[in-house]
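A, B, ... follow the sequence lines: proteins, then strands. Residue 1 opens every chain.
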Amino acid sequence: MAEKNNAKPNNKRGLTALLEQAQEKSKALKEKVIEEAKALKEPEKTQLFRSIFRVKHDEQPRNRALSVLTNVFFHLHPAKINRDAVRYSFTWGMGGLTFYLFLVLTFTGVLLMYYYHPTKAQAFRDILYLEHDVPFGKLLRNMHRWAAHLMIITVWLHMFRVFLTGSYKRPREFNWCIGVILMVLTLLLSFTGYLLPDDQLGFWAVTVGTNMARATPLLGHEGPFGAQLGMTPYNDVRFALLGGSIVDANALLRAYIWHCIAIPLLAAIFMGVHFWRVRKDGGISGPAPVTLESEVKEAKGPTPVIMRPSGMRE
Amino acid sequence: MDWHQLWEITSAPDNIPIVALLFLVPFYAWYGLRQALENDRLVAQLEKDPAMAKTHHRKTQPWKPGWSREVHVWPYLMRIEFLAALIVTFILMVWSITLNAPLEEPANPNLTMNPAKAPWYFLGLQEMLVYFDPWIAGVLMPTLIIIGLMVIPYIDTNPLGNGYYTFRQRPIAILSFCFGFLGLWVLMIIIGTFIRGPGWMWFWPGQTWDHNRLVFEVNRDLHEIWPFSAVIPQTSWLAKGLFGGAVVALYYLLAGLAVHKVFVLNEFTRKIYRRMGLVQYLTVQFFFVTMLGLPVKMLLRLLFRIKYVWVTPWFNI
C-alpha cells in the first residue's frame, strides 16, 4: 500500500514535467516559425552574426551557453563552470598558455617551413636568408625560438601547479600520465628543432645529446651489455636516431621530420585526449572545498594484512 | 670578480629562459605555498570547530550565500583566456623584436665547441654526467624520472588536498616534489648554465672562464680508498664487484630505513602509511631511495672525489 501511495504523486509529477517540456518545445517551435515567416517577408534583412555563430548575439543565458556549445572552436569548454575555477590564483593559466604557445609555434613553424630546406647544403643558408632578406623573417624565427622556450617553462609550471593542488588524485590519475607524456613530447619537439639551423650550437648540442644514446643498456654500443649483444656504432639505437654514425645530412632530415610532422601529430593526439579527459573527469579539480584529516577513513580494504607493510608487525 | 664574464653568460640569448626561470619558479613556488599556508590555517580552524566545517566556510575562495555556484564560460572564462593570449603575444613580440635567436657558425664537426652544452632544459641531465656514467645519467635516470612522475597518482594514498593548495595535509608529497623539481632539476640547470665552463669545469659566478685551466683532481673508486684498499684485492674483479654491490645494497637498505622513518614520523603520516599496499610501498621506496641516490653521489664526488662506488667489468656505478 505504502508503495502505491508513493508511486502515485511521482507519476503525477512526471506527467506535469512532460507536459511542461512539451509546452516549451511547442513555444520554441512557434517562435521559430514566426521568425522564418519574417525572414521570408523581409529578404533584405540578413542575419550575418547568426549565420556564422548559429545563435543570436544577446545576453540571454541560453544563447550564452549555446555560443560556446555550438562553436567548433569553443566547444572544448563546458557552457558553465564552477565560479572559482576561473581564478588565476588557483589555475595560474599555465595549461592554457601551453596550448596557446603550441598554436603560436604551429603558425610560425608552418611559415618557417616555406623558407627552409632540410639539407646540409641549404639549411644554414636558409636561416641567413630568413634573417636578412625575408620580410619579417627574423621576427618569425625569433618568435618561434622564444615561444618554444617559453612553452617549456609553462609546461613545467603547469605540472608544478597540478602537483601542488593535488589535481592528479582520483579521478584524474590517468590524465596526469598523459600530461607527463605531453611534457616529454614538448621537450623532444624543442630538442629536434635545435639541430635544424645546422649551426655549431645545434650541432654540438645534438651531438652531446645523442652521444648519451650510445650508452643505452643493451641497445647502445657503449652501454652495459651492448657489446655482448653485438652492438656497434653502425647498428645501435644512436644509429637509428641519427640515420648514421655521426650527426650529418640524414640526422638533419630525421630531426626535421620528427620536428615538423611526427611529434606534432603525436602531441596533437595526446592533447586531444588530455583536454577530453579534463572534461570527462569533471572539469578542473578546484578550487575545491577542503577535506579534513578527521574525515580520512582507516584503510579496511580486501587487501590481506600481509600485503600491507603496516600490518606486518601486528 | 669578473663581471664581464657573468654578464656574458647571463645575456647569452639562449640563457634568457633560464634567467626568466630564476624569477618565475621562485615566484610561483611562493604564490602556491602562500595559498597552501592560508588554506592550512583554515583547515586547522575547521578541525577545531566541526559546526563550522558543515557550512560554506570549507570553501577556499570567497563565497557568500546567494552567489550562484557556476558562471557562464562565455564571457567569464573566455575573456581571461583571450586576455592571457594577448599578453603572452605581446611579451613574445617585444622579446622577439629586442632579442635575436642565437645563430652560430655553420656546423663544423672538426671544431669542437668548448663548453659543448646541451639545450638548457637538458642541462640537468648533462650535469648528471659528471656523477654517473652516460647509461645512468642519459638513459636510466630520464626513464626513471618519466616513470616516476607517471606512478605518482598511483602511489600517493593520501586522499587529502585534492583540488586545493595545502602543505600540512600532504607534507611528504609536497616536500619530495619540491626537492626533485626545485632542488634537483632546476638547480642542476642553473649549475649547468652559470657554473659549468670550458671542459665542464666548475667556475664560480664571476670567475673568468679560463680555457687553459687544468684541474689536478684524482677521482678514485671507493675500493681504492683506505681502509677498503687494505682489505680488497685491487686486481680481483670478483672482490671489487662483490664489495661495490654490498655497498650499494647497504645504501638502499639504510636509505630505505630512513624513508620508512619518515613515513611513520607522526600519527598523520602513519595514517597515510596504513592505507598503502605492499606494491605501492615498495614502489615509493624504490623511487625515493633512487632519487636520493643522486645528491648522495654528487656529495661523494664533490667532497670526497669518489668516482665509482661499484665497479664491474660491464658497468660502473
Taking the side chain as everything from C-beta on, heavy atoms only, tell me whether [X] gets closer than 4.5 Å to [Y].
X: A:E222; Y: A:N211; result: no
X: A:F163; Y: B:I152; result: yes
X: A:M151; Y: A:W156; result: no
X: A:L128; Y: B:L103; result: yes
X: A:F90; Y: A:T165; result: yes

Worksheet item: Given the rule in the side chain to side chain donor-acceptor pair (under 3.5 Å) test, do B:W200 and B:E127 qualify, once you have shown the distances and angles that lead to the verdict?
Response: CA-CA 9 Å; B:W200 209 254; B:E127 175 66 14; 3.3 Å; yes

Practice prompt. Carefully, step by step, assess B:M150 and B:I147 under the rule side chain to side chain contact (heavy atoms under 4.5 Å, CB included).
Written response: CA-CA 5 Å; B:M150 297 217 311; B:I147 296 176; 5.7 Å; no

I'd like to know which of [options] tops the heavy-atom pair count under 4.5 Å against chain A.
options: B:F268, B:Y281, B:W67, B:F177; result: B:F177
options: B:Y165, B:W74, B:W314; result: B:Y165
options: B:Q35, B:R34, B:Q169; result: B:Q35
options: B:T157, B:T166, B:L33, B:I146; result: B:I146
options: B:P102, B:P159, B:G32; result: B:P102
options: B:G163, B:G138, B:P75, B:P134; result: B:G163

Should [X] and [Y] count as an ion pair when the cut-off is N to O under 4.0 Å?
X: A:R83; Y: B:E70; result: no
X: B:R274; Y: B:E267; result: yes
X: A:E295; Y: B:R58; result: yes

Once rounded to the nearest 0.5 Å, what's the spacing between atom [atom1] of [X] and atom [atom2] of [Y]?
X: A:D281; Y: A:N175; atom1: CG; atom2: CG; result: 5.5 Å
X: A:N82; Y: A:R87; atom1: CG; atom2: CZ; result: 9.5 Å
X: A:F99; Y: B:E81; atom1: CZ; atom2: CD; result: 10.0 Å
X: A:Y88; Y: A:M94; atom1: OH; atom2: CE; result: 4.5 Å

Between side-chain atoms of residues 115-123 of chain B and protein atoms elsewhere (two or more places apart, or another chain), which donor-acceptor pairs fall under 3.5 Å?
| from | atom 1 | to | atom 2 | distance (Å) |
| --- | --- | --- | --- | --- |
| B:K117 | NZ | B:G192 | O | 2.7 |
| B:K117 | NZ | B:T193 | O | 3.2 |
| B:K117 | NZ | B:R196 | O | 2.8 |
| B:W120 | NE1 | A:H149 | ND1 | 3.1 |
| B:Y121 | OH | A:S190 | O | 3.3 |
| B:Y121 | OH | A:S190 | OG | 2.9 |
| B:Y121 | OH | A:F191 | N | 3.2 |

Check each atom of [X] against the heavy atoms of chain A and say whether the ones under 4.5 Å are side chain, backbone, both or neither.
X: B:L111; result: both
X: B:W63; result: side chain
X: B:P13; result: both
X: B:N316; result: neither
X: B:I80; result: side chain
X: B:S68; result: both
X: B:Y154; result: side chain
X: B:T112; result: both
X: B:L99; result: both
X: B:F263; result: neither
X: B:V139; result: side chain
X: B:P62; result: both
X: B:P142; result: neither

Measure distances from [X] to the heavy atoms of chain B and classify the residue's part below 4.5 Å as side chain, backbone, both or neither.
X: A:Y168; value: both
X: A:R64; value: both
X: A:I152; value: side chain
X: A:R170; value: backbone
X: A:W146; value: both
X: A:T154; value: neither
X: A:V180; value: side chain

Item to complete: Sort and list the pairs that fulfil side chain to side chain donor-acceptor pair (under 3.5 Å) and have at least one residue in residues 97-110 of chain B, not counting sequence neighbours.
Response: A:N142-B:N100

Can you tell which of [options] has the highest number of heavy-atom pairs within less than 4.5 Å of chain B?
options: A:I246, A:L164, A:I181, A:L157; answer: A:L164
options: A:P224, A:S285, A:A213, A:S294; answer: A:P224
options: A:G223, A:G226, A:P61; answer: A:P61
options: A:L101, A:L139, A:L103, A:V104; answer: A:L139
options: A:F174, A:Y100, A:F74, A:W92; answer: A:W92
options: A:A123, A:A85, A:A227, A:A65; answer: A:A65

Worksheet item: Checking side chain to side chain donor-acceptor pair (under 3.5 Å) for the pair B:Y164/B:Q61: CA distance, chi angles, key distance, verdict?
Response: CA-CA 10 Å; B:Y164 54 92; B:Q61 301 285 338; over 6 Å; no

Worksheet item: Does a sphere of radius 6.0 Å around CZ in A:F107 hold more than 12 heavy atoms from other residues, nucleotides or ligands, not counting ones at 6.0 Å or beyond?
Response: no

